[in-house]
Amino acid sequence: MGFPGIEHLQHWLSIPFTVLYIMALVGNSTIILVVIFEQRLHTPMYVFLSMLAFVDIGLCTAVLPKILEILWFNSNDISFKGCFIQMFFIYMFATLESSILVMMAYDRYVAIYNPLHYAAILSKTLMGKIFVAFFIRDLVLTGLVPTFASRLPYCSSVSIPHCYCDHMAVAKLACTNIIMNSNYGLSVALILAGLDLVCIGFSYIMIFRAVLKLGSKGAHLKALNTCGSHLFVIMYFYITSLFNYLVYRFGKDVPVHVHSIFAVLYLLIPPVLNPMVYAVRTKEIRHAFLKLFLPSKIDSDLSHR
């Protein structure tokens with residue numbers, strides 16, 4: 001495993017990857033702690049946000065430690081079993097991220113369209129049922145991807161032309177026809193992403209309709225600015241994910257090292273951006289952060305009022 005064609009740049013690549021990984025860990029861990037310790041944030045919106053933060057930590061941790069080991073120590077080996085365990089967690093966390101984005105979009109839809117019954121509709125029981133349903137869906141559909149790939153016959157010595165155990169990068173090393181594995185992996189990706197995008201798209205269309213009915217132009221701009229930033233992160237996640245899948249099928253002219261770097265950023269950038277987009281821009285999260293980590297700042301602000 002590694003970055004074929006740019007081995008001489010590996011140590012330089014470790015710098016931005018390390019910085020981004022630390023940012024993702026710190027940002028998402030902070031959100032989880034703030035939501036846990038601030039009682040006022042125990043509402044569906046912030047519970048979903050903390051779930052997204054947990055999944056983001058899992059998503060980047062599934063790949064970055066091994067990648068940094070390659071970049072720092074030239075440790076390019078991974079065990080057969082370890083490769084498929086990594087593959088499982090990558091796909092599991094990626095699909096869970098998609099599922100939580102759907103739940104967050106539905107949460108905003110209910111909050112805007114039925115605010116008086118928001119707490120009753122999004123009860124803890126319903127939230128739990130929705131999450132369990134998505135979790136089972138993701139576990140079954142994505143769990144079969146590494147299972148099928150692990151049963152392929154591989155040559156005695158294989159070298160993965162990629163920086164982590166991506167499904168098609170591994171399956172292409174099999175000494176047999178992999179059309180069934182390829183079609184299943186692509187079908188799962190398209191079905192899950194397609195269904196989730198339809199749900200997210202419907203929710204945001206309804207949100208935009210409600211926003212446009214507001215009388216204040218300032219309210220229009222504020223709501224559209226917030227939704228726009230959310231949609232940017234969502235579309236980045238889905239478009240880069242789709243690109244990563246399609247390159248294996250149709251991107252023969254894409255250099256391997258370009259695809260490898262892009263494949264890392266597709267898993268690393270969303271965990272870095274999500275805390276900034278969903279948390280830093282939220283007044284309640286900022287106030288809870290100051291209260292938890294900088295209580296003297298809160299006391300100082302109150303004394304000057």
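For the single chain, residues carry numbers from 1 onward in sequence order.
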Set out, in order, the CA-CA distance, both residues' side-chain angles and the distance that settles side-chain contact (heavy atoms from CB on, under 4.5 Å) for Cys83 and Val170, then state yes or no. CA-CA 9 Å; Cys83 183; Val170 174; 3.8 Å; yes
Can you confirm whether Phe54 is buried at CZ, in the sense that more than 12 heavy atoms of other residues, nucleotides or ligands lie under 6.0 Å from that atom? no
Give the cluster check for Leu195 versus Ile130: same hydrophobic cluster or not, with ILVMFWY residues linked at side-chain heavy-atom distances below 4.5 Å. no
Any chance you could measure Asp138, atom CG, to Leu192, atom CG, to the nearest 0.5 Å? 6.0 Å
Atom CG of Leu13 and atom CG of Leu71: how far apart are they, to the nearest 0.5 Å? 6.0 Å
Which heavy atom of Ile70 sits nearest to which heavy atom of Ser75, and what is that distance? CG1-O, 3.3 Å
Any sub-3.5 Å donor-acceptor pair from Asn244's side-chain atoms to Thr240's backbone N or O? no
Going by atom types alone, do Asn76 and Glu69 pair a side-chain donor with an acceptor below 3.5 Å? no
Aromatic centroids of His287 and Phe289 separated by under 6.0 Å: no
Does Arg108 reach the side chain of Met45, with side-chain heavy atoms less than 4.5 Å apart? yes
For Phe262, look at atom CZ and say whether over 12 heavy atoms of other residues, nucleotides or ligands are found less than 6.0 Å away. yes
Parallel, tilted or perpendicular for Tyr154 and Phe84, by the 30°/60° rule? tilted
Rounded to the nearest 0.5 Å, the CD1 atom of Ile160 sits from the CD1 atom of Ile78 at a distance of 6.5 Å
Just do the side chain to side chain donor-acceptor pair (under 3.5 Å) check on Tyr46 and Thr282 with the steps written out, would you? CA-CA 10 Å; Tyr46 297 108; Thr282 305; 5.5 Å; no
Judged by atom type as modelled, is there a donor-acceptor pair below 3.5 Å linking the side chain of Asn114 to the main-chain atoms of Val110? no
Should Met276 and Leu33 be regarded as members of a common hydrophobic cluster, given that ILVMFWY residues are connected when their side-chain heavy atoms come within less than 4.5 Å of each other, either directly or indirectly? yes
Any donor and acceptor pair, going by atom type alone, linking the side chain of Asn28 with main-chain N or O of Pro271 inside 3.5 Å? yes
Kindly give the heavy-atom pair with the smallest separation between Leu59 and Ala94, and that separation in Å. CD1-N, 3.7 Å
List the steps, then state whether side-chain contact (heavy atoms from CB on, under 4.5 Å) holds for Ile136 with Phe131. CA-CA 9 Å; Ile136 293 173; Phe131 178 75; over 6 Å; no
Is the number of heavy atoms from other residues, nucleotides or ligands under 6.0 Å of Phe232 CZ greater than 12? no
Under 3.5 Å, is there a donor-acceptor pair between the Asp107 and Tyr118 side chains? yes
Within the 4.5 Å heavy-atom criterion, are Met103 and Met51 side-chain neighbours or not? yes
Min side-chain heavy-atom separation Leu242-Tyr238 under 4.5 Å: no
I want to know whether Tyr21 and Phe17 have ring centres closer than 6.0 Å. no
Does Ile32 form a side-chain contact (heavy atoms from CB on, under 4.5 Å) with Ile57? I'd like the steps, not just the answer. CA-CA 10 Å; Ile32 294 171; Ile57 291 174; 3.9 Å; yes
Measure the CG-OH distance between Leu122 and Tyr106 for me, rounded to the nearest 0.5 Å. 5.5 Å
Is any side-chain heavy atom of Glu38 closer than 4.5 Å to a side-chain heavy atom of Leu292? no
Specify whether Phe243 and His259 have parallel, tilted or perpendicular ring planes, treating 30° as the upper limit for parallel and 60° as the lower limit for perpendicular. perpendicular
Counting neighbours of OH on Tyr236 that are heavy atoms of other residues, nucleotides or ligands and sit closer than 6.0 Å, is the number greater than 12? yes
Hydrophobic clusters here meaning ILVMFWY residues chained together by side-chain heavy-atom distances under 4.5 Å, can you tell me if Ile239 and Ile269 are in one? yes
Among the clusters formed by ILVMFWY side chains lying less than 4.5 Å apart, do Phe37 and Phe48 turn up in the same one? yes
Can you tell me how far the OG atom of Ser50 sits from the NE2 atom of His42, to the nearest 0.5 Å? 8.5 Å
Any Phe89 side-chain heavy atom under 4.5 Å of Thr61 side chain: no
Correct closest heavy-atom pair for Ala24 and Cys60 would be CB-SG, 4.0 Å
How would you list, by chain and number, every residue that makes a side-chain hydrogen bond (donor to acceptor under 3.5 Å, both in side chains) with Thr18, sequence neighbours excluded? none
To the nearest 0.5 Å, what is the distance between CG (Asn181) and CG (Leu152)? 4.5 Å
Thr95 and Met92 have their tightest heavy-atom pair at OG1-O, 3.0 Å
Spell out, as yes or no, whether a donor-acceptor pair under 3.5 Å connects the side chain of Asp166 to the backbone of Met168. no
Minimum heavy-atom separation for Val264 and Cys163, please, with both atom names. CG2-SG, 3.3 Å
Is Ile36 linked to Leu290 within one hydrophobic cluster, defined over Ile, Leu, Val, Met, Phe, Trp and Tyr using a side-chain heavy-atom separation of less than 4.5 Å? yes
Check for a donor-acceptor pair, side chain of Gln86 on one end and backbone N or O of Cys165 on the other, with a separation under 3.5 Å. yes
Does Leu52 offer a backbone N or O that forms a donor-acceptor pair with the side chain of Tyr278 under 3.5 Å? no
So, His167 side chain and Gly185 main chain: donor-acceptor pair closer than 3.5 Å or not? no
Please list, chain by chain and in numerical order, all residues satisfying salt bridge (charged side-chain N to carboxylate O under 4.0 Å, His left out) with Asp196, sequence neighbours excluded. Arg137
Tyr184 and Val188, any side-chain heavy atoms less than 4.5 Å apart: yes
Parallel, tilted or perpendicular: which describes the rings of Tyr109 and Phe202, with under 30° parallel and over 60° perpendicular? tilted
Quick check: does any side chain N or O of Ser79 sit under 3.5 Å from a backbone N or O of Gly82, one acting as donor and the other as acceptor? yes
Any sub-3.5 Å donor-acceptor pair from Lys66's side-chain atoms to Asp77's backbone N or O? yes
Salt-bridge present (Arg40, Glu284; N to O < 4.0 Å): no
Between Ser14 (side chain only) and His11 (backbone N and O only), is there a donor and an acceptor less than 3.5 Å apart? yes
Least distance between heavy atoms, Ser260 atom then Pro161 atom: OG-O, 4.3 Å
Quick one: does Asn274's side chain get under 4.5 Å of Ile31's, heavy atoms only? no
